[in-house]
Amino acid sequence: MTSQILAGLNPPQQAAVQAIDGPVLIFAGAGSGKTRVLTHRIAYMIHKHNILPSSILAVTFTNKAAGELRQRVNNMVGQGVGYVNVGTFHSICSRILRAEASSIGYNQNFTIYDDSDGQRVVKDILNTMQLSTDYYKPAGVFYQIKAAKNKMQTPSEMAELAMSARDEKIAEIYLSYESTLKANNAMDFDDLLSKPLEVFENNPAILRFYQNKFKYILVDEYQDTNLAQFKFVEYLSKESKNICVVGDDDQSIYGWRGADISNIIDFQQIFPTGQVFKLEQNYRSTETIIKAANAVVSKNVYRADKVLWTESGKGAPITVLHGETETGEGQAILHAIHDQRNNGIELSSMAVLYRTNAQSRALEDVMRRNAVPYQIVGGTKFYDRKEIKDILAYFRLILNPADSVALLRIINVPSRKIGKTTVERLVKFALSKDKQLYSILNNIDEIGLNSGVEKRINDFYQFIQKYIDLISELSLYHWAIAIIDELGFIESFRAEDTPDAISRIDNINELLAALDEYEKNNENATLAQYMEEVSLLSDIDQFNDEAHKVTLMTLHAAKGLEFDIVFLAGMEQGLFPLERGDSTEDMEEERRLFYVGLTRAKRVAYLTYAMRRTRFGEFMINTPSIFIGEIPFEYLNFPQKEKVGSNRSEKKMSSTKRHKTKPQVRTFAKKSKSLFGEPEVKPKSGEYEIGQEVMHAFFGKGTIINVSGGGPEARLTVVFTGSTKKLVAKFANLKILD
DNA sequence: CTGCTGCGAATTTTT
DNA sequence: TTCGCAGCAG
């Protein structure tokens, strides 16, 4: 069995699998078989060293990675030997915290606050402190608090380090933020990581228990760990010394979130007895892609010495494409997708990656209008939609009545005629009596509100109480149906009867279906477990690689994935690398991000950019990304021959005769034929006039109320049901209705 | 208390 | 461009 475990691994992989005791660092370059080594290592531990699966703890960053690892381990070691503990940092910490909550003065039903909850808290604090939200912008203040928490800086430490009156105030807000969360029995994402350390520090016996429970620690994506995460695994492995970390400093892309790349680079200083293995053979990509990626990332100064190599063939050159605007760029991608599909590549093996979520809109537009099946990972998350968050706020309040953020969100949703003034009085009263908001709802007569309002508040209180009681009586699914039904959300949306309202109904039904499924998949499923899972969900967890669709997502989301064909879109100075502080660290991180993106490609990579891009309705002129220039010319291919980088040549790109002289140059402005079946609406040539009725692929039927210019460049103002849009005729694909 | 309007700010990446 | 919120009329 053990020889089987080692078979098929290359020598460094074998060595990494066999070094079970003591600290171990495995440098695992992109595509070097990292997950394979991890699974084989676990199998080896269990079968060769008879290590109890339950004494192994493997930690990842995303649920998706955890799920994959868990599944592969189970396939390899077989069921019946017990389970290896696999989970994300956040879920494992959360599990520990639920068990040990009382030791740090929390209740085990604590709520997990996401960033919008946190920002809400900051906003409320600014209000009660009567600080100007112009000078203290909630988003900015919250960001500063988070940065401090990332570094595990306490409010008093922050106050000591403050360089200005403003910083001192922010430290004060931070202090208040912390006490609010505590009072609400809530933790944010940073607390989830740092509170377990508090538990360990205050209770040596508890620490010993977990050290004993998890004798072998494995950490995936170690380059992305922050201080708290480092301390967490350090504490747990202090006695056993068995800590194995796997990562690649070149793929460290979460510095902005507090990830500390020196955790991996300085591993040997931190663990002097540690062994280091390097996996440098890439099994994923062509030589062209590997060489190009190496060339770029080796411009970084702060990195460990290693070189990725491959035995696979040279492969296709990296193709650079551009469009006049972001739509033109999208169309360049569209045509390349079409070509690749004609070469027999599945749509699901292609991905378009971009730096910022905002870029997805234009790309999505092009895909949709040309009937290309696509899926977007991330962006507006399902659980972030208003109607869903409202319903979840009910669930949250029911689980944790101390959660005043949830309470304030829903006390008047749907409308109960409990207005702003009343709410303010409730909050003030609770504050003055030092009581939880929810608890004063029960003795509402003490406040001296008028009886009408009193009655309405009492109804709300009784409503919540009713469903607190009912939760043990009904299945999760039926309970949720009952509460949603009584709230009347669906009815009122149905009455609205707008496309927006209908999609909200769909979303609610989807939520119910998800609950139903959750319950079917998990015996004794509880609402608390479901909410925990939902809170810790990430964008990438929803990614489905089975779908016959092109995938659109951010570069960050793509980490750990691979595709035959990869497009890196928005390759422009200022956008990628994204400009902000412009420090060298930031620049190096952008470069690593490019490295991550490029190495997602197995066979072909495209780099695309737009000459001009709309931002807040304004045009921005861009020059191509410096990263293109950092790739040796021999690996690149420019099919759109005319002088890349010059704005002037672009004008010609949209002229219709281009493709006659140079077949490989496309005219993105013209799209008479659909590449992927029927587009939703066929364009019809002709001049547009004010008053015409037109049909648009997304917006539906509309009326032209203004035309400026003529021909394909004409700008049209069109009133659709519910919105007015300004469109450029040649891109809008409008069908004139008679 | 509700709902409308008009203005200003926002876009990095995410557990 | 879109979103959210402050401010005001009903």
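Just so it is clear, the structure is predicted and the values come from calculations on it, not from any experiment. Order of the sequence lines fixes the chain letters, A, B, ..., with proteins taken first and strands second; residue numbering starts at 1 for each chain.
Remark: of the listed residues A/Val453, A/Asn458, A/Asp459, A/Asp459 is the sole one forming a side-chain contact (heavy atoms from CB on, under 4.5 Å) with A/Lys455.
Residue order along DNA chain B, read from the 5' end via each residue's closest nucleotide, puts A/Arg416 first among A/Asp115 and A/Arg416.
Here the OG atom belonging to A/Ser194 is positioned 7.5 Å from the CG atom belonging to A/Asp188, to the nearest 0.5 angstrom. If you take CG on A/Asn263 and NZ on A/Lys231, they are separated by 11.5 Å, rounding to the nearest 0.5 Å. Distance check, rounded to the nearest 0.5 Å: CZ of A/Arg591 to CZ of A/Arg303 gives 10.5 Å.
Classification of the A/His90-A/Phe189 ring pair by plane angle, with boundaries at 30° and 60°, yields perpendicular. Ring orientation note: the planes of A/Phe493 and A/Phe489 are close to parallel, at an angle under 30° on the 30°/60° scale.
Rounding to whole angstrom units, NZ of residue A/Lys137 and P of C/dC3 are separated by 21 Å. At whole-Å resolution of the value, CG in A/Asp365 and P in C/dT1 are 13 Å apart.
For DNA chain B, the outermost nucleotides in 5' to 3' order that have an atom under 4.0 Å from a heavy atom of chain A are B/dC1 to B/dT15.
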Quick test: give all pairs of protein nitrogen or oxygen and nucleotides 8-10 of chain C nitrogen or oxygen below 3.5 Å, distance rounded to 0.1 Å.
none

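Contact annotation for A/Asp114: no contact, since no heavy-atom pair falls under 4.0 Å across all strands. Nucleic acid contact for A/Ser415: sugar-phosphate only, since backbone atoms but no base atoms lie under 4.0 Å from a heavy atom of the residue. Within the nucleic acid shown, A/Lys559 has no heavy atom closer than 4.0 Å to any nucleic acid atom. Within the 4.0 angstrom heavy-atom criterion, only backbone atoms of the sugar-phosphate kind lie near A/Arg361; the bases stay farther away. Heavy atoms of A/Phe189 sit under 4.0 angstrom from at least one base atom.
By the neighbour-count criterion of 12 heavy atoms within 6.0 Å, atom CD of A/Glu424 is densely surrounded, having more than that number from other residues, nucleotides or ligands. Within 6.0 Å of CD in A/Gln529 there are more than 12 heavy atoms belonging to other residues, nucleotides or ligands.
B/dT12 and C/dC5: their C1' atoms are spaced 24 Å apart (whole Å). Spacing between B/dT13 and C/dG4 at atom C1', rounded to whole Å, works out to 23 Å.
The backbone N or O of A/Arg456 lies less than 3.5 Å from no partner atom in the side chain of A/Arg416, so there is not a single donor-acceptor pair. At least one donor-acceptor pair under 3.5 Å links the side chain of A/Thr599 to the backbone N or O of A/Val596.
Across residues 417-427 of chain A, A/Lys417, A/Ile418, A/Gly419, A/Lys420, A/Thr421, A/Thr422 each have a non-hydrogen atom less than 4.0 Å from an atom of DNA chain B (numbered order).
With respect to A/Lys386 and A/Asp390, no salt bridge is recorded, no charged nitrogen being found less than 4.0 Å from a carboxylate O.
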